[in-house]
Amino acid sequence: IVDMRVNPSYENLFRKINSFRPEMIGLTSMSKESKTAYKLIGMIKAKYPNVPIVIGGAHSSTMPEDILKETKADYILYGEAEYTALELANGIQLEKINGLIWRNKKGDIIKNPARDYIEDLDSLPFPAYSLYDLDKYLDKKIRMVTSRGCPYKCTFFSIHLLMGYKFRTRSPENVLAEIKHWYNQGFREFQFTDDNLTQDMKRAEKIFDLIIQSGMKIRFDIRNGLRVDKVNDTLLRKMRKAGCHFIAYA
């Protein structure tokens with residue numbers, strides 16, 4: 001994994017590619033970064049024309065077909081893409097991979113059916129942050145996502161294109177297990193980046209109760225925002241006791 005926000009050197013990237021000799025190269029991009037990602041795709045293809053490039057991330061779900069028209073990328077992942085990426089890496093026949101956009105031998109752009117959203121979020125492994133060079137980051141903070149999907153239809157928000165409208169959650173016990181996983185590795189700072197962390201207020205209370213009961217002394221912030229109608233005095237007091245020190249309201 002190469003995070004080019006931390007090390008923006010193209011020379012370093014190509015040195016890593018040369019030493020690792022990947023069978024496939026993946027990029028992620030938000031829409032605001034898309035032009036930079038497109039440039040990078042062109043540079044990689046010029047040096048490694050036979051290595052397939054796959055791009056995912058939020059931009060791939062909002063304007064998926066445009067990417068193949070504007071770049072030499074080989075595959076686009078759209079929607080919730082964990083299993084799409086896994087099937088692609090495992091060499092499953094392209095026509096059978098839901099959530100994939102690709103080019104056939106004629107150069108036609110093929111958009112496969114959308115993939116069903118993952119209902120059992122507890123079944124997913126914890127993110128492999130240890131593969132990153134964590135010492136390069138300014139804050140030693142673990143980002144956590146405990147829920148997916150948004151039932152609301154705000155005109156400025158495109159999350160439903162990526163995660164859908166149905167609100168899906170990890171169990172409070174699974175959330176606590178991930179916090180413990182990183183706590184045991186020395187991390188004390190966390191950030192919940194859910195779009196609707198407190199949508200189910202009883203579930204949110206259970207998460208904070210479990211943190212308090214565990215005895216772990218942590219700090220966390222909620223910078224992606226809470227809805228103002230999805231908090232109350234009891235919940236806020238439990239959040240504070242569990243270690244919350246900052247909340248943004250969306």
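Just so it is clear, the values below take in all heavy atoms, side chains as well, and ignore hydrogens, waters and symmetry mates.
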Please assess Thr146 against Arg203 for the test side chain to side chain donor-acceptor pair (under 3.5 Å), listing each intermediate value before the final yes or no. CA-CA 11 Å; Thr146 78; Arg203 168 186 168 271; 2.8 Å; yes
Side chain to side chain donor-acceptor pair (under 3.5 Å) assessment of Tyr152 paired with Asn196: CA-CA 10 Å; Tyr152 305 103; Asn196 292 284; 5.5 Å; no
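The 12-atom threshold is exceeded at CZ of Phe246, counting heavy atoms of other residues, nucleotides or ligands nearer than 6.0 Å. Taking a 6.0 Å sphere around CD of Glu95, one finds it holds more than 12 heavy atoms contributed by other residues, nucleotides or ligands. Annotation: Met43, atom CE; neighbour count of heavy atoms from other residues, nucleotides and ligands within 6.0 Å is above 12. Within 6.0 Å of atom CD in Glu23, 12 or fewer heavy atoms from other residues, nucleotides or ligands are found, so the atom counts as exposed in its surroundings. In this structure, Arg143 places its CZ atom where more than 12 heavy-atom neighbours from other residues, nucleotides or ligands lie under 6.0 Å away. More than 12 non-hydrogen atoms from other residues, nucleotides or ligands lie less than 6.0 angstrom from NZ of Lys140.
Remark: Lys111 is positioned above the aromatic ring of Tyr78, its terminal NZ or CZ atom under 6.0 angstrom from the ring centre and at most 45 degrees off the axis. Remark: Arg188 qualifies as a cation-pi partner of Tyr183 under the 6.0 Å distance and 45° angle criteria applied to the six-membered ring. For the pair Lys47 and Phe14, the cation-pi criterion (under 6.0 Å, within 45° of the ring axis) is fulfilled.
The ring of Phe126 has its center no closer than 6.0 angstrom to the ring center of Trp182.
Just one of Asp194, Asp195, Thr169 meets the side chain to side chain donor-acceptor pair (under 3.5 Å) condition when paired with Ser147; it is Asp194.
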